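A quick write-up on the structure given underneath.
Just so it is clear: chains get the letters A, B, ... in the order the sequence lines come, proteins before strands, and each one is counted from 1. Just so it is clear, the structure is predicted and the values come from calculations on it, not from any experiment.
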2 protein chains.
Amino acid sequence: MSYKSTIKDVAFDAGVSIKTVSRVINNEPAVAKATKTLVLKSIKKLQFKPNKDAQGLRSKKSFLIGLLYDNPNKYYLSDVQSGSLKACSETNYNLVLQECKNNSANLITKVINFINLANLNGVILTPPLSDNNKLIQAIETLRIPISFIAPPNKSFEIWSSATDSDAAYALTNKIIAMGHSNIAIIKGHKDHSASKLRYQGFCKSLEEHGIKLNPTNELQGNFSFESGYKLADQVLKKKNRPTAIFCSNDSMAAGVIKYCYQKGISIPDQLSVTGFDDSMIAQEIWPSISTVRQPVEKMAEHAAKSLIAKIGGDDSKQNLTKTFKSELILRESLGKAPS
Amino acid sequence: MSYKSTIKDVAFDAGVSIKTVSRVINNEPAVAKATKTLVLKSIKKLQFKPNKDAQGLRSKKSFLIGLLYDNPNKYYLSDVQSGSLKACSETNYNLVLQECKNNSANLITKVINFINLANLNGVILTPPLSDNNKLIQAIETLRIPISFIAPPNKSFEIWSSATDSDAAYALTNKIIAMGHSNIAIIKGHKDHSASKLRYQGFCKSLEEHGIKLNPTNELQGNFSFESGYKLADQVLKKKNRPTAIFCSNDSMAAGVIKYCYQKGISIPDQLSVTGFDDSMIAQEIWPSISTVRQPVEKMAEHAAKSLIAKIGGDDSKQNLTKTFKSELILRESLGKAPS
DNA sequence: CTGAAAGCGCTTACAG
DNA sequence: CTGAAAGCGCTTACAG
């Protein structure tokens, strides 16, 4: 590897002290303009990059933020990552990953150890970890900022949120507009706050249209393909079976679709199905799934950016909380109610 | 945050010098057993974790390895990550991610800058980056080890490889055993060496069975759903259309399946389709796709483990190269040839 | 088998 | 607006 220049080299080249170079690196105000220009020139000339370990050792900062997740959906994760990475690449910070099992007994120990060992300066929490109060409290004792990818919560300082309830409401309105009134819902995993919000939006739409939700049309899924398949079997065997099923994510919708193929139920002619998340399968399956797309990558970018701003103490220009609008994606799986 | 103990605290508690503690931390051999026990006890008692920045600053190591990828497939990426993370979590190392565009003009500059800035001690390269010779050469000038997730290559010291050719061969044998002889292939993205290997395995099987590949049955895809759909249109419109299509990945197989639905071609009765990768869609689509599963997570774990061993100079006990067997997954999309 | 000293490349705390 | 000194928590290089 080519020789790496240090702060000393720059100081010598610019004819100033290392402290002045340090001031320039850290954008401290008390530097004469001419001096700054001089130093900047030397930095460029010598291709100087501050050594992070040295900076970290002295200043107690690691310039590392953690992304904690319980692999909810690989597409979701990938988008969260891309967004976080994008925010990091504009700064000095790096992203470190940790997969966690939300329900494992040693979750908290493991997370705390990880944060301490890697000396993380802040963490991003994704669902369902962002709904796990015990975990949150444990991390808070470490006195590092937490950025939540989660519904708005006024007891949190930093969050990036989607509009799950509103989107579910809008999608359900669409279903009803197609003439459906006997509508079932397959709810999402109980540990995810998004499940509840999607359910609420769904119910709100029904209520406003004067449609009563039949209790046998309310099904508890867990976001898995298998749960969608199994619950389809349960609800479609009923005498007065629904003409539309609102699935709380795309995998469960895919499960319903598979069941229908096997039983010869034609989609959307005999049954309409909707999903949520706009994961890849929603596009690649046939019939393609009507669903909701959330700007996950943008949300994650905001989450990382806010976290870094907070760590740097420079959070004046950055809104630490933001809600991101969702988009309805209408595809083949939603059609008119059979007459 | 609770007080963090340092090497000094441990030394004082154990009644030895900090150098001896350092020896214990780093598993250096020249320590008396009794001393070691004593120190280990103090370490545990004080919950001492060595400060990485200090270690890094002095030893010039960052304990950071990079995972470079050109988001080929989100599922693939997620598995690679999980495996790498697993290997890291057993060590002092952390994983840092970087998404790269294999075809972007400034790829090399970007990667080199990233490695230097983050002070990475080694990198893992995934396809198609692991097939990009210019990039590889540029990284080599940095004198850090590279771990390849790629086909065996004797000019590389560290690699983790799948058996793309063998698996494609076995899958094609299976197709032929079902009575097919008019078989088309949709090839993968040209920049991926796996595409060529899968094609080779396919051809080898055909040859051994005395089947000649009709040139119009050889189609150039790019791993995308859209390319599968488009090429299905091209090849299935032919007069003497194939009874089976070997798709070089699952997304392209999904594209073929969608086309068939729309044209009323029944799978597998009128057409058999196979995929590659066993991505989630292979399971969740209907008909589910016969495909090849590669132990991507295990491969990535090996890749990271080998890289870390190499960095630590302790690569004696670790095989730096390994080939991982694939598994045939037979599902609904492959059936007997129509008579 | 063990330790005292020096120093990695920065930032902190202080002085002027 | 600028700098000299000290020190972060380790490992290196050396000595015994």
Side-chain angles (χ1 to χ4, degrees), chain A residues 1 3-40 42-43 46-64 92 116-119 121 311-313, chain B residues 1 3-40 42-43 46-64 92-93 116-119 121 311-314:
Chain A
M1 193 172 358
Y3 174 74
K4 267 189 193 163
S5 49
T6 71
I7 196 169
K8 270 191 188 166
D9 303 320
V10 176
F12 180 81
D13 188 79
V16 298
S17 72
I18 61 166
K19 177 60 211 172
T20 296
V21 178
S22 172
R23 285 196 179 92
V24 173
I25 300 169
N26 294 291
N27 258 314
E28 286 175 33
V31 184
K33 224 169 187 176
T35 313
K36 189 168 179 177
T37 311
L38 218 61
V39 171
L40 249 20
S42 295
I43 288 179
L46 301 175
Q47 294 201 54
F48 169 68
K49 311 256 183 333
N51 178 307
K52 270 192 191 157
D53 285 329
Q55 289 182 310
L57 178 58
R58 199 60 186 89
S59 68
K60 307 281 181 197
K61 296 208 308 197
S62 66
F63 297 95
L64 249 31
N92 265 322
N116 279 330
L117 193 59
N119 192 18
N121 293 146
I311 293 170
Chain B
M1 194 167 2
Y3 175 73
K4 268 189 193 164
S5 49
T6 71
I7 197 170
K8 270 191 189 169
D9 303 320
V10 176
F12 180 81
D13 187 80
V16 298
S17 73
I18 61 167
K19 176 60 214 175
T20 295
V21 178
S22 171
R23 285 198 178 89
V24 173
I25 299 168
N26 294 291
N27 259 315
E28 287 175 34
V31 184
K33 227 174 187 173
T35 312
K36 189 168 180 176
T37 313
L38 219 61
V39 171
L40 248 20
S42 295
I43 287 179
L46 301 175
Q47 295 201 52
F48 169 68
K49 311 258 180 349
N51 178 306
K52 269 190 193 160
D53 285 328
Q55 289 182 311
L57 178 58
R58 199 59 186 90
S59 67
K60 307 280 179 199
K61 296 206 312 196
S62 67
F63 298 96
L64 249 30
N92 265 323
Y93 285 76
N116 279 331
L117 194 60
N119 192 18
N121 294 146
I311 293 169
D314 182 30

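Atom CG in L46(B) sits about 14 Å away from atom P in dG9(D), given to the nearest Å. Nucleotide dC10(C) holds its C1' atom 13 Å from the NZ atom of K61(A), rounded to whole Å. dG3(D) atom C1' lies 13 Å from atom CD of E28(A), rounded to whole Å. In this structure, the NZ atom of K33(B) is 11 Å from the P atom of dC1(C), given to the nearest Å. The NZ atom of K4(A) sits 13 Å away from the C1' atom of dC8(C) (whole-angstrom rounding). Rounded to whole angstrom, the span from the CD1 atom of I25(B) across to the P atom of dC10(D) amounts to 6 Å. Atom P of nucleotide dA4(C) and atom NZ of K8(B) are separated by 13 Å, given to the nearest angstrom. Rounded to a whole Å, the CZ atom of F63(B) is 12 Å from the P atom of dC10(D).
Closest of all the heavy-atom pairs between P50(A) and I25(A) is CG-CG2, 3.8 Å.
Distances shorter than 4.0 Å separate none of the side-chain N or O atoms of K60(B) from OP1 or OP2 on dT11(D). The side chain of S22(B) contributes an N or O atom lying less than 4.0 Å from OP1 or OP2 of dT11(D). OP1 or OP2 of dG3(D) sits under 4.0 Å from a side-chain N or O of T20(A).
Checking R23(B) against N51(B), the closest nucleotide of DNA chain D that is more toward the 5' end is the one next to N51(B). Residues L57(B) and I18(B) both approach DNA chain C. Their nearest nucleotides, taken by heavy-atom distance, put I18(B) toward the 5′ side. Comparing A54(A) and S59(B) along DNA chain D, the residue whose closest nucleotide (by nearest heavy atom) sits nearer the 5' end is A54(A).
T6(B) places none of its side-chain heavy atoms less than 4.5 Å from the side chain of N51(B). Inter-residue side-chain proximity for V24(A) and L40(A) is flagged as met; some heavy-atom pair is nearer than 4.5 Å.
Here dT2(D) sits opposite dA15(C) as a Watson-Crick or G-U wobble pair (both hydrogen-bonding atom distances under 3.5 Å).
Contact of R58(B) with dG9(C) (side chain to base): no donor-acceptor pair of N or O atoms is detected under 3.5 Å.
When each of dC10(D), dT11(C), dT2(D) is scored by its nearest atom to the side-chain atoms of I7(A), the top-ranked nucleotide is dT11(C). In the set dA13(D), dT2(D), dC10(D), the nucleotide with an atom closest to the side chain of V31(A) is dT2(D). Listed candidates were dA13(C), dT11(D), dT2(D). Nearest to the side chain of K19(A) is dA13(C). Closest to the side chain of A30(A), from the set dT2(D), dG9(C), dG3(C), is dT2(D). Side-chain atoms of N26(B) lie closest to dT11(D) of the nucleotides dT11(D), dG3(D), dG9(D). Comparing dG3(D), dC1(D), dG9(C) by their closest approach to the side chain of A32(A) singles out dC1(D).
Summarising the geometry, atom CD1 belonging to I18(B) is positioned 14.5 Å from atom CZ belonging to F12(B); distances are rounded to the nearest 0.5 Å.
Across dA13(D) and dC1(C), the matching P atoms stand 22 Å from one another, rounded to whole Å.
Side-chain atoms of D13(A) and S42(A) form a donor-acceptor pair, as typed in the model, at a separation below 3.5 Å.
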